Amino acid sequence: MRISVIGCGYLGAVHAACMAKLGHEVVGIDVDDLKIADLSNATAPFYEPGLEALLRDVQDTGRLSFTTDMAAAAGSDVHFICVGTPQKKGENGADMTYVDAALHTLLPYLAPGNIVVGKSTVPVGTAARLAQLVESREPSAHLVWNPEFLREGHALADTLNPDRLVYGVSDGLEDHPAVAVLDDVYAGSLASGTPRLVTDHPTAELVKTAANSFLATKISFINAMAEVCEAAGADVTRLADAIGLDDRIGRKFLHAGIGFGGGCLPKDIRAFMARAGELGADQALTFLREVDAINMRRRTRVVELTRELCGGMLLGKRITVLGAAFKPESDDVRDSPALSIAAQLQLQGAVVTVTDPKALANAARRFPELQYVPDLDAAIANADALLLLTEWQQYRAIDPYEIGAQVSSLRILDGRNVLDAAKWRAAGWTYRGLGRP
Ligand code: UDX
């Protein structure tokens, strides 16, 4: 099939490459010249494992191209909208400027029978509004809402073999003409057994926000337990192991630590609350305010713990932060808890050095006041305390015996509870985890 993908960020670039991998002829369209120049040279504008190799593979087949010209969407049967919906400045709601602009620019190029597929995370009600615009321009075209559930760092696998496919169509019925078209698009994934659900527009939009709210709630739940464990002298990691063995609960997403960040969970729960308020259902989601508050409290808690670890004073203390990205295997620093903690420590007088295998350039753009050192040994030299804030494999693998001589004081705060506390203590370190004795 001929497919256009509008918006080539984390979602769109991966989606375009994966659609080409599935055998389709794909054009990726974005307003950003630099991004398009990179992608056209099979260079990923951000770090995502496997993406550059995939871009090279599919570009060699001639099935994938990139452009800034929306006219290239003409002739495609299916148009995916993959632009961002960031949080509005100073408000909780989602900024719909990019989605609206993408659709308006696309409208003149729609042909009879075309399918416009929204993948961006949007406030419920958006699809119905956009469907009217599509149908008023081209009565035989259809708009489908097909939310994306990919995780950064696993984006290729999540796109090629998703847990589920959700198609939101205007009447919510299996025999809607767009269903068969999307089944062709995803034939490869469906053949390998991916479950597929057809819903109406608002249900499909809500599937995404509900899923992310549930995940955020699960993380904040275990972080709330960490607060109680800290007060009671209990160990939240063993608590999570034990409750996670109940398969109604499950161990995944029960990692207590410095909390969630990134371009999705924080802004999605806020946009969801804002939208529920507009719909008169705000009471239903007041718990998400608490989920957000628990999450943000972790960051202040880490600053306080670091102060304790450093003997009650941060002023002039050399702190090395291991990890800047919001999670490992990503260079994304949007709402990164690690960086937010680093910046707070610096504000309180500590001398902060940040290291990360991939995210330093993005981090330096966002927090130019921090010191960034790419080399791990150089970054930890003479540190008064180490803070492991993003659990990259190379930090998990650090040998406490080997690095002991490089630092100034043997103090480590494990913000992700991934280190072997007994081993670090045995090597002479003062070890602090979160929610652990
Ligand atoms: C999330 C959803 O998982 C994905 O389905 C959706 O499409 C987009 O948003 P992503 O933002 O890539 O994906 O990251 P995710 O793996 O969900 O992690 C989010 C944050 O939660 C990270 O900062 C991570 O470190 C943190 N986290 C995750 C925890 O603190 N504890 C956990 O147990 C799990």
Side-chain angles (χ1 to χ4, degrees), residues 9-12 14-15 46-49 82 84-87 94 119-122 146-159 161-166 204-205 207-226 236-237 239-241 243-244 249-272 291-292 294-299 301-302 322-341 356 359 388-392 395-396 414-418 433-435:
Y10 286 95
L11 167 58
V14 170
H15 193 66
F46 50 86
Y47 176 67
E48 178 63 40
C82 296
T85 51
Q87 188 172 342
K119 291 199 83 67
S120 312
T121 303
V122 293
N146 171 221
E148 181 57 64
F149 305 103
L150 66 82
R151 297 159 299 165
E152 288 178 25
H154 305 268
L156 271 49
D158 286 354
T159 305
N161 294 302
D163 292 335
R164 73 288 208 195
L165 287 161
V166 176
E205 292 165 309
V207 168
K208 177 60 188 277
T209 30
N212 275 359
S213 299
F214 191 86
L215 295 173
T217 303
K218 206 169 172 192
I219 300 168
S220 277
F221 173 82
I222 202 65
N223 281 331
M225 293 306 111
V236 75
T237 62
L239 175 82
D241 291 341
I243 64 171
I249 297 174
R251 182 64 172 85
K252 288 183 186 162
F253 269 66
L254 280 185
H255 300 289
I258 64 173
F260 58 81
C264 292
L265 299 190
K267 64 110 179 154
D268 286 351
I269 61 170
R270 292 172 194 153
F272 197 19
V291 166
D292 202 359
I294 293 165
N295 192 51
M296 299 311 283
R297 222 158 46 223
R298 296 320 284 162
R299 304 181 184 187
R301 175 73 185 138
V302 171
L322 306 175
F326 84 103
K327 65 189 270 191
E329 296 303 328
S330 171
D331 65 355
D332 194 349
V333 298
R334 286 176 293 172
D335 208 346
S336 164
L339 273 186
S340 140
I341 290 163
D356 188 287
L388 194 171
L389 299 188
T390 311
E391 68 279 33
W392 286 94
Y395 304 150
R396 302 171 77 131
D414 178 5
R416 299 290 188 168
N417 290 332
V418 289
L434 293 183

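Note that this is a predicted model, so its numbers are computed, not measured. Note that ligands are numbered from 1 as they come in the structure, with each ligand's atoms numbered from 1 the same way.
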Discussion item. Suppose we measure from atom 23 (O) of ligand 1 to each protein heavy atom; which comes out shortest, and what is that distance?
Written reply: Phe326 O, 2.9 Å
Item to complete: Compute the minimum heavy-atom distance from Arg416 to ligand 1 and say whether it is under 4.0 Å.
Response: yes
Worksheet item: How close do Arg299 and Phe260 get, heavy atom to heavy atom, and via which atoms?
Response: NH2-O, 3.4 Å
Worksheet item: Does ligand 1 have an atom that lies less than 4.0 angstrom from a heavy atom of Gly262?
Response: no
Worksheet item: To the nearest 0.5 Å, what is the distance between CD1 (Ile269) and CG (Asn295)?
Response: 7.0 Å
Discussion item. Is there a salt bridge (Lys or Arg N to Asp or Glu O under 4.0 Å) between Asp292 and Arg270? Walk through the geometry before answering.
Written reply: CA-CA 8 Å; Asp292 202 359; Arg270 292 172 194 153; 2.8 Å; yes
Practice prompt. Could you tell me the separation between the CZ atom of Phe46 and the CG atom of Asp331, rounded to the nearest 0.5 Å?
Written response: 8.5 Å
Worksheet entry | Inter-residue atom distance Arg298.CZ - Ser220.OG, 0.5 Å rounding | 9.5 Å
Practice prompt. Name the closest protein heavy atom to atom 5 (O) of ligand 1, giving the residue it belongs to and the distance to 0.1 Å.
Written response: Phe149 O, 2.8 Å
Worksheet, complete the sentence: Nearest heavy atom to atom 2 (C) of ligand 1, choosing from Asn295, Ile222, Asn212, Asn223, belongs to Asn212
Worksheet entry | Non-hydrogen atoms of Asn146 and Val166 that approach each other most closely | ND2-O, 2.9 Å
Discussion item. Has Lys208 got a side-chain atom pairing as donor or acceptor with Asp268's backbone, closer than 3.5 angstrom?
Written reply: no
Worksheet, complete the sentence: Exactly one candidate in Leu322, Thr390, Val418 meets side-chain contact (heavy atoms from CB on, under 4.5 Å) with Tyr395; the answer is Leu322
Discussion item. Measuring from atom 32 (C) of ligand 1, which candidate in Leu389, Leu11, Asp163, Ile219 has the nearest non-hydrogen atom?
Written reply: Ile219
Item to complete: Would you tell me which option among His255, Arg151, Lys327 has the nearest heavy-atom contact to atom 16 (O) of ligand 1?
Response: Lys327
Discussion item. For Gly257, state whether at least one heavy atom is located under 4.0 Å from any atom of ligand 1.
Written reply: no
Worksheet item: So with a 6.0 Å cut-off around CZ of Phe149, is the heavy-atom count from everything else above 12?
Response: yes
Practice prompt. Check if Glu391 has a non-hydrogen atom at a distance under 4.0 Å from any atom of ligand 1.
Written response: no
Item to complete: Compare all side-chain heavy atoms of Lys327 with those of Arg151 and state whether any distance is below 4.5 angstrom.
Response: yes
Item to complete: Kindly confirm or rule out an N or O of Cys264 lying under 3.5 angstrom from an N or O of ligand 1.
Response: no
Practice prompt. Give the atoms of ligand 1, by number and element, whose distance to some non-hydrogen atom of Phe260 is under 4.0 Å.
Written response: 20 (C), 21 (O), 23 (O), 26 (C)
Worksheet entry | Side chain proximity check, Cys264 to Glu148, heavy atoms < 4.5 angstrom | no
Worksheet, complete the sentence: Near Glu148 (heavy-atom distance under 4.0 Å), the atoms of ligand 1 are 7 (O)
Worksheet entry | Ligand-side contact atoms (ligand 1) for residue partner Leu150, heavy atom cut-off under 4.0 Å | 4 (C), 6 (C), 7 (O), 8 (C)
Worksheet entry | Residue, atom name and distance, where the atom is the protein heavy atom closest to atom 17 (O) of ligand 1 | Phe253 CZ, 3.3 Å
Worksheet, complete the sentence: among protein heavy atoms, the one nearest atom 1 (C) of ligand 1 is Leu265 CD2, 4.0 Å
Worksheet item: Does Pro337, backbone or side chain, put an N or O under 3.5 Å from an N or O of ligand 1?
Response: no
Discussion item. I need the nearest protein heavy-atom contact for atom 12 (O) of ligand 1: residue, atom name and distance, please.
Written reply: Glu152 N, 2.7 Å
Discussion item. Using a 4.0 Å heavy-atom cut-off, which part of Asp158 comes near ligand 1: side chain, backbone, both, or neither?
Written reply: neither
